[in-house]
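Down below is the structure, laid out as structure tokens.
When a ligand or atom number is given, it counts from 1 through the structure's own listing order. Just so it is clear, the structure is predicted and the values come from calculations on it, not from any experiment.
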Amino acid sequence: MSLVVMKFGGTSVEDPAAINRTAAIVAGRVALGKTPIVVVSAMAKVTDQLLRAAACSAQGDKCGALAISSRLRARHRDTACLLLKNQEDTVELQKLIDEKFDSLDEILRGLAAILELTPRISDLIVSYGERLSSRIVAAAFRERGIDAAHVDARDIIVTDSQYQKAVPIDAAIEKRAHEKLLPLTAAGKVPVMGGFIASNEAGITTTLGRGGSDFTGALIGGAMNAEAIEIWTDVDGIMTTDPRVCPDALRVKVISFEEAAELAYFGAKVLHPATILPAVKKNIPVLVLNSRNPTCEGTRITSLAPHCKSPFKCIAVKKKLSIIDVVASRMLMSHGYLKEIFTIFDKHQCPVDMVSTSEVSVSLTVDSNDKLPLIAADLSKLADVKYEGRKALVCMVGEDIRGQHGIAAQVFNAVRHVNVRMISQGASEINMSFMIEEDDAEEAVRSLHAAFFQDPDPLVFDVEARKTGNREQGSGVSEAAAAATR
Ligand code: ADP
Ligand code: ASP
Ligand code: MG
């Protein structure tokens with residue numbers, strides 16, 4: 001059985017037209033003799049709106065929360081209605097949608113009474129996005145001749161109980177995936193499930209963190225030993241940088257697991273950072289593809305990427321970071337000092353992105369978050385502490401950067417007009433990163449892109465699109481370019 005996991009992001013299921021395109025893509029795979037397992041995100045922007053509804057309720061704004069829910073109900077009902085022609089199917093799906101929104105409204109009302117939004121309740125509320133979209137997509141597939149079977153992802157993806165960022169339990173997922181999915185695929189059915197949502201061993205709903213549907217796709221691919229994991233999105237693949245920032249970005253045809261993981265971790269939103277892990281474990285290729293331009297070959301992420309003449313493959317940017325300076329002359333040279341600092345970050349469960357040390361000071365970068373004042377208060381027991389937000393980390397990814405002379409000079413020459421706060425190279429051979437002000441990030445990326453992607457290696461980058469100016473209609477790149485100039 002040539003099993004392929006196909007994950008469709010929010011824009012690929014955002015409205016009836018998108019769901020129709022998605023159905024055609026899946027039908028195409030079935031026609032090729034493949035056995036797809038489909039993972040879908042919530043319809044575009046639904047997760048954000050559910051989180052807003054939750055926040056309104058928790059602040060006592062019950063009417064505001066219910067108004068958001070009512071707009072979402074109408075959007076889902078309308079989508080279902082436009083997609084389904086069969087009267088019985090439509091009635092059944094509308095009933096299901098109404099039941100789900102009735103129970104969501106009940107939770108929102110309860111929340112407005114208790115005025116406390118816990119991470120657990122937040123996960124329950126956002127889970128409605130994927131629970132609804134997967135039902136609608138499965139019904140639409142069935143009407144279009146795909147023998148789809150809806151599966152509740154929470155029955156398969158088992159995690160720990162770290163709500164909002166739960167960690168999957170591989171062995172349990174593998175067991176459940178085999179139990180629930182194999183009988184369906186063996187019967188020629190196409191399982192359709194929501195991404196992002198999961199449950200802990202007690203059956204309580206958890207989520208894998210924002211953008212986590214990619215991760216679900218990869219977890220299912222790993223558990224089922226799929227021959228490929230396809231991530232269908234709204235751009236032609238992994239691009240040399242975010243095409244919304246740099247309309248000139250080129251498609252990367254092939255990239256290694258390590259490079260893709262680095263890119264995803266350092267902010268390239270196209271892929272959730274954990275997506276690569278299950279694929280690497282089982283050496284399953286990951287393909288990033290465009291559901292608006294399905295004939296484009298996309299990006300292939302694999303263990304064996306060809307050697308590239310260009311020093312870098314991509315530029316990623318991670319925003320909303322803070323820099324923390326810890327200055328302590330009396331600690332000079334004392335051992336155990338760094339350990340004490342990291343123990344504090346550990347206590348607050350705050351991951352550190354970049355570290356730089358001198359004789360008297362340590363600078364660290366972290367995601368800006370509400371724990372920062374508490375972390376700073378703890379650190380100030382050790383030393384003088386300053387922290388500043390609104391920073392961005394620019395990360396240049398490419399294999400074998402270390403081996404190339406003069407690369408750092410070229411990078412910093414390209415951003416000579418920008419104030420660089422911290423630099424890191426060497427932690428991995430494939431990444432050179434530096435920290436700048438958030439407001440400078442987009443200009444820095446465009447300058448770096450102009451400097452390093454003038455003469456791209458055709459083996460690795462899609463240079464044809466640039467030569468012919470052929471940005472196909474709906475390829476995402478042209479739309480992103482338009483968005484960038486709006
Ligand atoms: P989905 O909803 O399909 O998961 P996302 O919005 O999460 O899609 O990710 C796709 C978006 O990622 C693109 O629209 C693009 O703006 C952004 N992006 C950021 N960096 C890159 C990159 N290097 N290559 C491609 N897209 C990128
Ligand atoms: N719907 C979730 C989010 O918006 C997960 C995903 O789309 O990957 O974060
Ligand atoms: Mg995504």
Side-chain angles (χ1 to χ4, degrees), residues 6-14 18 22 39-52 122-123 125-134 153 157 164-165 194-198 207-219 230-253 255 259-260 262-275 288-293 296 298-299 301 312-319 394-397 441-442 445 449 453 461-462 474-484:
M6 306 177 76
K7 177 262 167 177
F8 292 88
T11 45
S12 304
V13 293
E14 67 186 345
T22 292
V39 174
V40 293
S41 290
M43 295 169 75
K45 310 243 161 57
V46 167
T47 306
D48 289 338
Q49 284 158 8
L50 287 167
L51 286 170
R52 268 225 324 278
S122 175
D123 273 358
I125 290 174
V126 282
S127 74
Y128 280 87
E130 273 72 8
R131 284 157 66 189
L132 286 154
S133 64
S134 55
I157 306 294
Q164 298 181 320
K165 235 185 178 87
F196 176 58
I197 57 174
T207 66
L208 300 174
R210 293 305 307 268
S213 294
D214 298 337
F215 194 15
T216 306
L219 288 167
E230 298 180 348
I231 306 290
W232 290 87
T233 183
D234 61 351
V235 280
D236 275 346
I238 294 184
M239 314 289 287
T240 45
T241 191
D242 188 343
R244 283 176 209 279
V245 173
C246 188
D248 229 17
L250 293 164
R251 175 170 60 90
V252 183
K253 294 195 222 172
I255 193 166
E259 289 168 318
E262 207 84 344
L263 260 183
Y265 181 75
F266 284 102
K269 192 186 167 216
V270 65
L271 219 54
H272 181 277
T275 313
V288 181
L289 298 154
N290 188 351
S291 66
R292 293 177 181 164
N293 186 22
C296 176
T299 300
I301 310 172
F312 297 114
K313 290 225 176 89
C314 291
I315 309 168
V317 179
K318 196 168 181 178
K319 289 191 178 170
V394 177
C395 171
M396 313 278 297
V397 174
E442 303 202 338
V445 167
H449 199 271
F453 294 95
F461 303 102
D462 178 14
S475 70
V477 176
S478 50
E479 285 168 27

Any idea which of Lys313, Met43, Lys45, Lys269 brings a heavy atom closest to atom 7 (O) of ligand 1?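 The nearest heavy atom belongs to Lys269.
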Given side-chain contact (heavy atoms from CB on, under 4.5 Å), test Thr241 with Phe453 step by step and report yes or no. CA-CA 10 Å; Thr241 191; Phe453 294 95; over 6 Å; no
Identify the closest protein heavy atom to atom 6 (C) of ligand 2: which residue and atom is it, and at what distance?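 Here the nearest protein heavy atom works out to Ser213 OG, 3.3 Å.
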Does [Y] offer a backbone N or O that forms a donor-acceptor pair with the side chain of [X] under 3.5 Å?
X	Y	value
Asp123	Thr207	yes
Ser291	Trp232	no
Thr275	Ala218	no
Thr240	Ala249	no
Gln164	Gly209	no

Could you tell me whether Lys318 sits above the aromatic face of Tyr265, with NZ or CZ closer than 6.0 angstrom to the six-membered ring centre and within 45 degrees of the axis?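 Because its charged atom sits under 6.0 Å from the ring centre and within 45° of the axis, Lys318 does stack over Tyr265.
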At a non-hydrogen distance cut-off of under 4.0 Å, which region of [X] contacts ligand 1 (side chain, backbone, both, or neither)?
X	value
Lys7	side chain
Arg244	side chain
Thr241	backbone
Asp242	both

Looking only at N/O atoms, are [X] and ligand 1 under 3.5 Å apart anywhere?
X	answer
Ile238	no
Thr240	no
Met239	yes
Thr233	yes

Any non-hydrogen atom of Gly237 lying under 4.0 Å from ligand 1?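 Gly237: in contact with ligand 1 (<4.0 Å).
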His272 near ligand 1 by a heavy-atom separation under 4.0 Å: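 In this structure, His272 fails to qualify as a contact of ligand 1 - no heavy atom is under 4.0 Å.
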If the cut-off is 4.0 Å to any non-hydrogen atom of [X], which atoms of ligand 2 fall inside it?
X	value
Glu130	1 (N), 2 (C), 5 (C)
Ser41	6 (C), 7 (O), 8 (O)
Arg210	3 (C), 4 (O), 9 (O)
Thr47	1 (N), 2 (C), 3 (C), 4 (O)

I'd like to check which ligand 1 atoms, numbered from 1 as shown, lie under 4.0 Å from a non-hydrogen atom of Gly10.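 Listed by number with element: 2 (O).
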With atoms numbered from 1 as shown, which atoms in ligand 1 lie under 4.0 angstrom from a non-hydrogen atom of Ala268?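 Selected atoms, number and element: 20 (N).
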Between Val317 and Val245, does a side-chain contact (heavy atoms from CB on, under 4.5 Å) hold up when you go through it step by step? CA-CA 10 Å; Val317 179; Val245 173; over 6 Å; no
Report yes or no: does a heavy atom of Gly9 sit under 4.0 Å from some atom of ligand 2?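 No heavy atom of Gly9 comes that close to ligand 2.
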Tell me whether Gly212 reaches ligand 2 (any heavy atom closer than 4.0 angstrom to a ligand atom).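 Within the 4.0 Å threshold, so yes.
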Under a 4.0 Å N-O cut-off, is there an ion pair linking Arg292 with Glu14?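 Result for this pair is yes, salt bridge flagged.
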Salt-bridged, Lys269 to Asp214, with N to O below 4.0 Å?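 Asp214 and Lys269: not salt-bridged.
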Sequence neighbours left out, what passes salt bridge (Lys or Arg N to Asp or Glu O under 4.0 Å) with Lys319? Give chain and number order.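 Counting only residues at least two positions away or on another chain, Lys319 forms a salt bridge (Lys or Arg N to Asp or Glu O under 4.0 Å) with Glu442.
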Check step by step if side-chain contact (heavy atoms from CB on, under 4.5 Å) holds for Thr47 and Arg210. CA-CA 9 Å; Thr47 306; Arg210 293 305 307 268; 3.7 Å; yes
Return yes or no for this condition: an N or O of Gly209 is under 3.5 Å from an N or O of ligand 2.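 Checking ligand 2 against Gly209, no N or O pair falls under 3.5 Å apart.
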Under the criterion side-chain contact (heavy atoms from CB on, under 4.5 Å), I'd like the reasoning laid out for Val270 against Thr233: C-alpha separation, chi angles, the key distance, then a yes or no. CA-CA 8 Å; Val270 65; Thr233 183; 4.2 Å; yes
